[in-house]
There are 2 protein chains.
Amino acid sequence: MDEIDAAIVAHLQAHARQTNRDLAQAVGVAPSTCLERVRLLRDRGIITGFHAEVDLGALNRGVQALLHVQVRPLSRTVIEGFKAYAMGLPEVLSVFVVAGGDDFLVHVGVPGVDSLHAFLMDKFSGRREIAGFRSSVIYQHTRKAVIEPLDP
Amino acid sequence: MDEIDAAIVAHLQAHARQTNRDLAQAVGVAPSTCLERVRLLRDRGIITGFHAEVDLGALNRGVQALLHVQVRPLSRTVIEGFKAYAMGLPEVLSVFVVAGGDDFLVHVGVPGVDSLHAFLMDKFSGRREIAGFRSSVIYQHTRKAVIEPLDP
DNA sequence: AATGAAATCTAGTCCAC
DNA sequence: GTGGACTAGATTTCATT
């Protein structure tokens, strides 16, 4: 992974639909070389996919929250089970399994605060493995478009 | 946003580089119609962009953590200032501004636990607006590839 | 608004360097 | 590993329904 690969990766993170020609010109190689490098980056698992980003409000998910969840007992079965359960819920955007005070952080997107409350009551309360949870409404979420490699 | 648009949005979230022909066939319209709908979805701000997804390990970011940060005083200046500062740090992947016990959750990706410690010491300790912070190492992070619209 | 055909441009392969 | 030519196929425009 030299600096040309790094430049390709950076460009594709920002604009995945850039034509191969433009990409090649932007990073300073011939189109055929660029095409081959992109193919290798995919084969090597460095680029894992290309995805459209969607406005959450347009999907009727104007309210986001992070749910801090503690489960018990802390066994592999319970942890994997809860993770699979959470990922299966349509409201859930992503699931973090974390160390520290909480066991999970569940990122959800829902139509409104009322739906958030309903979601917690209907989908979380009453599950025996959940020892406790706490919800934090998200005022803003800013994700970096381009993630660059770090120096070792 | 009818069901054809919803299907287009779902397909492009999963495979942003699908050819327009295949996409059109998958959602059951003519290629020209499909192209026009995709253009409109972009113009209306429903699709906000196309991005390549990259393996964090390949970018020398094998260790991720969530940093729970409290800042004081809770003024607009301090909050916007800290957010801008955090987003400017190369280790940071995304920043959540949240309600509840913490003010920020900062998602970072670093080469190792040692770099995480160094990051906290060098970039967080000593900043006067930071009233306290706590870090949670991320064991797993699973994001949903396709986010579907929710019913109202 | 959706379609089908035609013109333009691109991807992907091959070969020479 | 790189760059240029070639072919098949895709994108995109436009007249038509």
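So you know, we letter chains A, B, ... as the sequences are listed, proteins then strands, and number each from 1.
Comparing B:Asp2 and A:Asn20 against DNA chain C, the residue whose closest nucleotide sits nearer the 5' end is B:Asp2.
Using a 4.0 Å cut-off between charged side-chain N and carboxylate O, B:Arg72 and B:Asp103 make a salt bridge. Under 4.0 Å is where a charged nitrogen must lie from a carboxylate oxygen, and between B:Lys123 and B:Glu91 at least one such pair does.
Partners of A:Arg39 by side-chain contact (heavy atoms from CB on, under 4.5 Å), not counting sequence neighbours, listed by chain and number: A:Glu36, A:Asp43. In this view, B:Phe133 and B:Phe124 satisfy the ring-ring contact (aromatic ring centres under 6.0 Å, His included) rule, not counting sequence neighbours.
Contact footprint of chain B on DNA chain C: nucleotides with an atom under 4.0 Å from a non-hydrogen protein atom, first to last in 5' to 3' order, C:dA2 to C:dG4. Along DNA chain D, the stretch of nucleotides lying under 4.0 Å from any heavy atom of chain A spans, 5' to 3', D:dT2 to D:dG4.
Put simply, A:Met121 and A:Val106 are part of the same group of oily side chains (I, L, V, M, F, W, Y) that touch within less than 4.5 Å, one to the next. Placement of A:Leu12 and A:Leu41 within a single hydrophobic cluster is found when ILVMFWY residues are connected by side-chain heavy-atom separations under 4.5 Å, directly or transitively.
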*Walk me through it: do A:His68 and A:Ser135 pass the test side chain to side chain donor-acceptor pair (under 3.5 Å)?*
CA-CA 6 Å; A:His68 307 241; A:Ser135 49; over 6 Å; no
_salt bridge (charged side-chain N to carboxylate O under 4.0 Å, His left out) for A:Arg37 and A:Asp2? Distances and angles first, verdict last._
CA-CA 11 Å; A:Arg37 279 182 178 259; A:Asp2 58 7; 2.9 Å; yes
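Across residues 28-51 of chain A, A:Ser32, A:Leu35 each have a non-hydrogen atom less than 4.0 Å from an atom of DNA chain C (numbered order). Across residues 7-17 of chain A, not one residue has a non-hydrogen atom less than 4.0 Å from an atom of DNA chain C.
Cation-pi geometry between B:Arg127 and B:Phe82 is not satisfied (NZ or CZ under 6.0 Å from the ring centre, within 45° of the ring normal).
Ring-centre distance between B:His107 and A:Phe96: below the 6.0 Å cut-off.
Not a single donor-acceptor pair under 3.5 Å links the side chain of B:Asp102 to the backbone N or O of B:Gln70.
Atom CD of B:Gln25 has 12 or fewer heavy atoms from other residues, nucleotides or ligands within 6.0 Å.
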